[in-house]
Amino acid sequence: MKFLAAAPKAIREAAEIIRDGGLVAFPTETVYGLGADALSSRAVAKIFEVKNRPFFDPIIVHVESLEALEKLTCISGTQDSILHAKVKKLAEKFWPGPLTLVLPKKEIVPDIVTAGLSTVAIRMPSHPVALRLIAEAGRPIAAPSANPFGNLSPTTAEHVRNQIGGEIDMILDGGPCPVGIESTVLDLSSPEPVVLRPGGLPIEAIEKLLGKVEIASDAGSSRPRAPGLLTRHYSPRTPLVILGKRVTPRREENAGLLAFQAPIEGPFRKVEILSDRGDLREAAARFFACLHELDKAGLAIIYAEPVPEIGLGQAIMNRLRKAAGS
Ligand code: TXA
Ligand code: MG
């Protein structure tokens, strides 16, 4: 496995690996992705193998132009003019950026990418390394987060190396991911838009453009609409519990704390603070890195303080609940 700083020459080499059907982990503004040629079933199959990902969980396709979007999805034509207008509005405002759109797919998208669904999830990432890699590869790149299925997402190249480094062809190191939480997934394939996963683009921003949108209830189904909505997900190996009125740390435990703004009283052996300024953007950017640190510390339990559920706080609380399996 090659571990290279994301300089132009390394990106060109990575693009070649993608074109040859290999796997490259690369930075996006949200989390590191594990990329393969989205139009090659064989290449995408390797992603599932390395991640140990169930085949019913579809993968996001990353593009660097709106022309690519037209090639992969059915959004044009008079019949779909309303959809086309919606997509155009969203893409103009939020792309490139942490928004994924679920749209009716064209035949060219292999079934393995979409888990046999008639829709495909597309996003245009804003990270310059990701954009350049897609452009140099000359094809769309299918990429889930570069971690084993269900584990904590990687927000640094080191996180990727530690989790799956031995099983892939290259890691492009572009430093820590600035947003730190996966993209917001918005389903536009039915008449009313539905948020399938809160993420790096606050739902309030989408609602400013489209009006009130529905948020899919992600309670407990074993085959939800976006399989990333499985109850236990984004999990550290250490058990995690969210603090609340009825949940307080027990004294004898070998416990760690994920605090929002400041440490709270308690018998904690290790404490990570998301943002001492109480800034939800900073908290999101640090979220997975803090959990990776706590998970490495050999604790018996991690207590997590809830964060305010506005803006990016919604995505953080969504991840925390998944990590807690609740
Ligand atoms: O920020 C991100 O979205 C990152 C970076 C690498 O782009 N990617 C990411 O991928 O988080 P992944 O595979 O970890 O999560 C993709 C989510 C899953 O919950 C999946 O079920 C959902 O998107 N998804 C993908 N295609 C879908 C489709 N056609 N319909 C409904 N949900 C879909
Ligand atoms: Mg993931």
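Counting starts at 1 for both ligands and their atoms, in listed order. All values derive from a computational prediction rather than experimental measurement.
Residues Y32 and F26 keep their aromatic ring centres 6.0 Å or farther apart.
Using a 4.0 Å cut-off to heavy atoms of T30, the atoms of ligand 1 that qualify are 1 (O), 2 (C), 4 (C), 5 (C). Atoms of ligand 1 lying under 4.0 Å from any heavy atom of D57, numbered from 1 in the order shown and given with element: 18 (C), 20 (C), 21 (O). Close approach of ligand 1 to L196 (heavy-atom distance below 4.0 Å) involves ligand atoms 31 (C), 32 (N). Residue L117 approaches ligand 1 through these ligand atoms, each under 4.0 Å from one of its heavy atoms: 28 (C), 29 (N), 30 (N). With ligand atoms numbered from 1 in the order given, ligand 1 contributes 5 (C), 6 (C), 7 (O) to contacts under 4.0 Å with heavy atoms of H62.
Contacts of T114 with ligand 1, taken as heavy-atom pairs under 4.0 Å, are absent altogether.
Of the listed residues (S118, A121, S145), the one carrying the non-hydrogen atom nearest atom 26 (N) of ligand 1 is A121. Comparing G199, C177, A143, S183 by heavy-atom distance to atom 8 (N) of ligand 1, the nearest is A143.
At least one N/O-N/O distance between R197 and ligand 1 falls below 3.5 Å. Considering backbone and side-chain N/O atoms, T28 never comes within less than 3.5 Å of an N/O atom of ligand 1. Looking at ligand 1, you won't find any N or O of T100 less than 3.5 Å from one of its N or O atoms.
A donor-acceptor pair shorter than 3.5 Å cannot be found between the side chains of R139 and S40.
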Review point. Between K2 and L172, is a side chain to side chain contact (heavy atoms under 4.5 Å, CB included) present by the stated rule, with each step listed?
Key: CA-CA 8 Å; K2 283 195 171 166; L172 278 176; over 6 Å; no
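Under a 4.0 Å N-O distance rule, the pair R321/E309 qualifies as a salt bridge.
Residue contacts to the Mg ion (ligand 2): S145 brings an N, O or S atom closer than 2.8 Å.
Under a 3.5 Å cut-off, the side chain of E29 and the backbone N or O of S126 do form a donor-acceptor pair.
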